Each structure stands twice: as structure tokens, then as C-alpha cells.
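Please read the structure below before turning to the comments.
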Amino acid sequence: MLGVTISAILPSLRPPACSPDSSSSCQEASTWQQAVFYFSLLLTAIGSGGTRPCVVAFGAEQLEEQDGSGRKSQAKGSSKEQPSFFNIYFFCIGVSVILAMTVVVYVQDNVGWGIGFGIPTFAMFISIIVFVVGYPLYIRRKPNGSPMTRVAQVVAAALRKRKLVVPTDGSVLYQNRELDADISTVGRLSHTKQFKFLDRAAIVVEGDMDENTNRPLLWRLSTVHRVEELKSIMGILPIWSAGIFISTATSNNYTFGLVQAKSMDRQLAGGFSIPPASLFIFSSAAMLLTLSVYDRVIIPLARRLTGRQEGISRLRRIGIGLAISVFSNVAAALVENRRRRAAGHISAFWLVPQFVVHGVGDGFASVGLIEFLYEQSPESMRSIAAALFWLSISLGHYGGTFLVTMVSDLTKRSKQGSWLQNDINNGRLDYYYWLVVGMQVFNLVYFIVCANCYVSKRIEVEEEDVEEKGAAQPELEDEDEEEDKHKPHLHPSVV
């Protein structure tokens with residue numbers, strides 16, 4: 001952000017101002033000036049890529065219940081505060097977007113780009129100070145190795161034992177509470193029957209244990225918990241992929257909405273003209289209102305009706321958002337058809353409904369998706385799950401670019417010409433919106449199928465012997481049984 005701000009302030013890092021003579025063209029930025037600017041944007045992207053996935057998982061962990069030892073105490077479901085964290089997180093993002101599209105844009109257009117870029121740069125500086133000052137208050141967990149290493153170990157072990165028969169009894173698969181203690185503070189993942197071919201990684205055969213330490217060789221043998229970590233990630237991928245289509249379908253709506261707004265009447269009382277980009281605040285405002293109502297009204301009411309801590313399940317919330325988003329593009333297609341027939345003599349406020357509906361759908365689908373990814377991902381992979389959310393948005397925008405390019409190229413051959421032209425009055429943008437509606441309906445059906453087939457992760461909670469007055473004392477297991485439980489069982493083929 002410092003680089004972007006400096007490039008807008010220093011004359012040597014930006015091209016000169018355009019001449020007031022309209023007949024002369026503006027001087028383009030030099031290669032050096034473009035390099036500084038784009039390198040600054042690259043640093044911004046890298047910083048966002050490191051911050052966004054971690055801030056979601058780290059922030060949610062701060063609101064999880066902790067016991068006296070600093071370990072997470074286990075309750076059925078999440079704590080009461082946790083379901084609200086994601087709503088608060090996206091609410092803050094929505095507020096920042098509104099400020100960016102109003103205050104910052106106004107300063108950039110009327111005061112200067114240097115000050116306009118300087119405002120978010122100063123805000124970033126303040127955020128760093130706040131983060132450092134709050135450091136002693138945070139609940140911090142020590143790193144316990146890369147989750148991707150464990151994934152690779154499970155895959156390697158499963159491939160090594162690909163010729164073995166998977167046992168029908170999951171209890172004979174390898175377990176090791178001590179080995180998994182640091183990556184399963186809430187509880188170990190229970191064995192599931194999906195993706196059975198990965199269970200081979202937990203089959204004990206000769207040579208899997210270190211003879212000196214009696215510890216497993218992790219590239220040859222994995223515990224059930226580590227196998228289930230990979231299963232959980234694989235299980236959420238079909239639901240995650242629906243998020244890609246969400247971004248693909250809506251990635252160009254703002255761009256085309258901006259073009260539509262420029263060709264429509266934006267005059268208000270007193271001769272004030274609304275900037276086209278300012279119309280997007282209706283989408284952010286609708287999302288903020290949706291999050292507030294959902295958090296304060298819908299969730300408490302749903303808790304009473306369903307008895308679920310989160311009120312409405314994550315999958316249902318995503319499905320509701322997907323269904324609402326369909327009507328956003330239906331409205332966009334209808335308004336565009338009316339705009340073309342009115343030859344531009346129509347108020348830009350006709351675009352407000354599509355932005356509002358989109359904001360409402362986003363408040364359900366996007367927040368529900370990241371809640372789902374966080375909740376259903378393994379405890380040690382929640383940052384990866386959050387990264388998957390932002391990755392789906394990125395892939396969706398690339399998909400949107402491909403969709404526009406494909407539609408433009410294919411429709412050039414038609415008698416009416418390309419649907420997407422520089423002059424939208426000569427194109428058929430409404431046809432494009434109807435195509436997106438069809439994609440959204442397909443994505444909704446796809447999501448419903450995946451949601452019905454989805455198997456939630458199961459956590460095995462272990463009672464701990466708490467030496468506190470009044471604490472319930474768990475039953476002690478027979479010493480021989482406890483010793484046998486940690487003893488690895490060889491696969492029948494080896495025996």
C-alpha cells in the first residue's frame with residue numbers, strides 16, 4: 001500500500017496529467033512506472049493471501065471455549081459465540097466496502113489519488129498496531145507441523161499398501177492417542193466408511209514400526225485420525241466447488257452493472273449525479289442488513305424451532321443463498337430488457353433490486369460456505385479450509401473471464417452479432433444474464449445433490465481424569481485392556 005501511495009504522489013513514478021486539449025492523447029506510463037505500480041499490487045495480493053485465510057481461523061479460535069489448562073473444552077457443537085463470528089467478520093468487510101466506494105472514491109476523484117490511496121494505507125498501519133498490542137491477549141497454539149505433510153504421508157502409505165484388503169472392522173486399524181494429541185485437542189476423528197481405499201494407510205504390517213522407539217514410521221503407517229483428516233478435506237470438496245460457480249456466475253455482474261448505470265439517468269434533486277460505482281453500496285448494505293437480521297432474529301428463532309445451536313444448518317444456509325442469488329440475475333435480465341427498449345431514458349435506480357437481491361443471497365451463501373468449511377474441516381486444517389474459500393472466489397473470477405470471452409466469441413457468428421459489445425445498446429446483455437441464470441439453476445441442483453450425499457465428520461470425545469473437587473470421575477479401564485489398546489494389530493495377511 002505504501003508503494004501504491006508513493007507511485008500516486010511522486011511525479012517521477014506516475015505519468016504527467018493529461019492535457020486539457022481534447023485533441024491530444026494522454027501520455028502512457030513508462031515501463032518503470034508500471035513496474036513499480038504492479039509490483040506494489042503484487043505485494044498487496046501476497047499479503048492478502050497470507051492474511052485472509054488465517055484471520056478467519058484464528059479469529060474463530062479466539063471465541064472457542066477453553067478449559068483451565070488452555071485446551072479447548074468440548075461441547076456438542078460450537079460455542080454460542082462462534083456462529084456469530086463469521087457474520088461479524090463479513091459485516092466488517094461490508095462496512096469497509098461501503099466506506100471504500102463512498103468516502104475513498106470521493107477523495108480520489110475530488111481531492112487526489114495520493115490522499116485517496118493514503119487513507120487505506122494509514123488504515124493498514126493502524127491495523128498492524130492494533131494486532132501487535134492485542135498479541136498478549138490472544139489464544140495461541142504452537143505449530144505442529146505442516147498438515148500437507150500428513151496428507152502426503154497418508155497417500156504414500158495407502159499407495160504402498162494398495163494390494164492389501166481393507167478390513168471390514170475399523171477397530172483393527174492403527175490408533176495412537178499420544179501421537180495425535182497435539183492435532184486433536186477437541187477430539188479424535190472417528191473412522192468413517194467413505195473413501196475406504198485410504199484406510200490401507202492405517203493397516204499395520206511388518207516393518208511399519210521403528211524397532212528402537214516402537215513408534216510408527218509415518219510414511220508407511222498413519223493413524224485413523226490422520227486418515228480421517230484427508231477424508232474430511234476430500235468430502236468437503238464437492239460442496240466447495242459449488243462456491244466456484246457462485247463466483248463465476250456473478251463475477252461480471254458489477255462490471256456490466258457499471259456499464260448499464262453509465263447509460264441510464266443518474267440525476268437526483270439539485271442536479272447531483274450519482275457516480276455509477278456508488279450504486280454498488282446497495283448490495284453491501286443489503287448484505288449488512290441480512291447479516292444483522294440473520295444473527296439477531298433468524299438464528300434465535302431457528303434455535304427454538306430446531307433445537308440446533310447454529311439454528312439453521314450450514315448446508316441449508318448455503319442452499320437458501322444460492323436460490324436467492326438466482327433471482328438477482330433474473331431481475332438483471334428483466335431490467336436490461338426494459339433499459340434497451342427505453343433507449344437509455346430510464347432511471348439507474350432500476351438496477352437497485354438486482355444489487356439488493358445479490359447482497360441478500362451473498363449474506364446467506366458466502367457466509368454459510370465459509371462456516372461450513374471451517375466447521376467440517378479437520379481441526380488442524382482450518383486455515384487451509386479458509387484458504388479454499390478465497391481460492392474458490394479467485395477461480396470463479398477466472399471462470400467468469402473465460403465465460404465472457406467464450407460468449408463473446410460464439411455469439412459473433414449470430415445474425416444479431418455479439419451479445420457483449422462496447423456499446424451495450426447494440427448487444428444483448430439480457431441474453432447473457434439469462435445464460436447466467438441457467439448456470440445458477442444448474443449449480444443449485446448440483447449443490448442439493450452434493451448436500452444430500454454429504455457425510456458429516458464425527459469426533460470421538462475422550463473423558464479426561466480431572467483432579468478437581470466436584471469433578472466427575474471417569475471409569476478406569478482395566479490395565480491390560482489399556483495396554484492392548486495401544487498395541488498395534490498386524491493385518492491378517494501378515495499374520
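Nothing here was measured: the structure is a model prediction, and the numbers come from that model.
- Residue S325 holds its OG atom at 11.5 Å from CD1 of I320, rounded to the nearest 0.5 Å.
- Using a distance-only test at 3.5 Å, with no hydrogens or angles considered, no donor-acceptor pair links the side chain of D295 to the main chain of L291.
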- Task: Check the pair N87 / E371 against side-chain contact (heavy atoms from CB on, under 4.5 Å), numbers first and verdict last.
- Result: CA-CA 9 Å; N87 293 334; E371 282 182 340; 4.3 Å; yes
- Message: Using side-chain contact (heavy atoms from CB on, under 4.5 Å), reason through I299 and R303 one step at a time and then give a plain yes or no.
- Response: CA-CA 6 Å; I299 288 183; R303 281 175 182 164; 3.5 Å; yes
- Message: Is there a side-chain contact (heavy atoms from CB on, under 4.5 Å) between K412 and S418? Walk through the geometry before answering.
- Response: CA-CA 4 Å; K412 283 180 181 179; S418 177; 3.9 Å; yes
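- Taking 4.5 Å as the limit, some side-chain heavy atom of L334 sits within range of a side-chain heavy atom of W434.
- Heavy-atom neighbours of N110 CG from other residues, nucleotides or ligands within 6.0 Å: above the threshold of 12.
- No more than 12 heavy atoms of other residues, nucleotides or ligands lie within 6.0 Å of CE in M124, so this atom counts as exposed by the packing criterion.
- Taking all atoms of both residues into account, the shortest heavy-atom contact from F91 to S292 is CE1-OG, 3.4 Å.
- The shortest heavy-atom contact between I236 and I233 is CG1-O, 3.2 Å.
- In this structure, the side chain of E229 does not engage the main chain of H225 through any donor-acceptor pair within 3.5 Å.
- Judged by distance alone, with hydrogens and angles left aside, the side-chain atoms of Q62 form no donor-acceptor pair with the main-chain N or O of Y138 at under 3.5 Å.
- Between K231 and E228 a salt bridge is recorded (basic side-chain N to carboxylate O distance below 4.0 Å).
- Judged by distance alone, with hydrogens and angles left aside, the side-chain atoms of S263 form a donor-acceptor pair with the main-chain N or O of Q260 at under 3.5 Å.
- With a 4.5 Å cut-off on side-chain heavy atoms, Q354 and Y433 count as touching.
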- Item | Test log, rule side-chain contact (heavy atoms from CB on, under 4.5 Å), inputs T405 and F402 | CA-CA 5 Å; T405 302; F402 173 76; 5.6 Å; no
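- Nearest heavy atom pair, residue G116 against residue P120, reads O-CD, 3.0 Å.
- The number of heavy atoms from other shown groups lying within 6.0 Å of CZ (F256) is above 12.
- Counting only heavy atoms from C-beta outward, the side chains of D362 and F90 never approach each other to under 4.5 Å.
- Checked by atom type, the side-chain pair R428/T411 shows no donor-acceptor distance below 3.5 Å.
- Panel note: side chain T121, backbone M1; a donor-acceptor pair is recorded below 3.5 Å.
- Using a 4.5 Å cut-off on side-chain heavy atoms (C-beta onward), M381 and V151 make contact.
- Taking the six-membered ring for Trp and thresholds of 30 and 60 degrees, Y446 and F442 have nearly parallel ring planes, at less than 30 degrees apart.
- Environment of CZ in R296: sparse, with no more than 12 heavy atoms of neighbouring residues, nucleotides or ligands closer than 6.0 Å.
- Residues P378 and L189 approach most closely at CB-CD1, 4.5 Å, considering heavy atoms.
- Atom CZ of F86 is separated from atom CG of L369 by 11.0 Å, given to the nearest 0.5 angstrom.
- Taking CG from L435 and CG from D430, the interatomic distance works out to 11.5 Å, rounded to the nearest 0.5 Å.
- Atom CZ of R458 and atom OG of S232 lie 11.0 Å apart (nearest 0.5 Å).
- Heavy-atom contacts from other residues, nucleotides or ligands closer than 6.0 Å to CE of M406 number more than 12.
- Annotation: cation-pi geometry satisfied between R317 and Y294 (NZ/CZ under 6.0 angstrom from ring centroid, within 45° of ring axis).
- For the atom pair N443 CG and C450 SG, the distance stands at 9.0 Å (nearest 0.5 Å).
- Here the side chain of S377 pairs a donor or acceptor atom with the backbone of Y374 at under 3.5 angstrom.
- L305 contributes atom CG, which lies 9.5 Å from atom CD1 of I312 (distance to the nearest 0.5 angstrom).
- Distance alone, capped at 3.5 Å, is enough to place a donor-acceptor pair between the Q34 side chain and the A29 backbone.
- The side-chain heavy atoms of P15 and E28, taken from C-beta on, include no pair separated by under 4.5 Å.
- Proximity of V404 to Y432: side-chain heavy atoms (C-beta onward) are separated by under 4.5 Å at one or more points.
- Residues L2 and F125 are not in side-chain contact: their nearest non-hydrogen atoms beyond the backbone lie 4.5 Å or more apart.
- Figure legend: cation-pi geometry between R52 and F389 absent, as NZ or CZ is not positioned both under 6.0 Å from the six-membered ring centre and within 45° of its axis.
- For CZ of R14, the number of neighbouring non-hydrogen atoms (other residues, nucleotides, ligands) closer than 6.0 Å is greater than 12.
- Ring planes of F117 and F37: tilted class, angle from 30 to 60°.
- Minimum interatomic distance between L373 and A385 (heavy atoms only, all atoms of both residues): O-CB, 3.4 Å.
- The two residues I246 and A365 have their closest heavy-atom pair at CD1-CB, 4.3 Å.
- In this structure, the side chains of I459 and E379 stay at 4.5 Å or more apart for every pair of heavy atoms.
- For F447 and Y454, the ring centers sit 6.0 Å or farther from each other.
- Proximity of a side-chain donor or acceptor of R340 to a complementary backbone N or O of L429 within less than 3.5 Å is not detected.
- Here the rule is side-chain contact (heavy atoms from CB on, under 4.5 Å) with W350, and of M264, R339, E336 only M264 fits it.
- Looking only at distances, a side-chain donor or acceptor of Q33 sits under 3.5 Å from a matching main-chain atom of S12.
- Side-chain atoms of S328 do not come within 3.5 Å of backbone N or O of I324 as any donor-acceptor pair.
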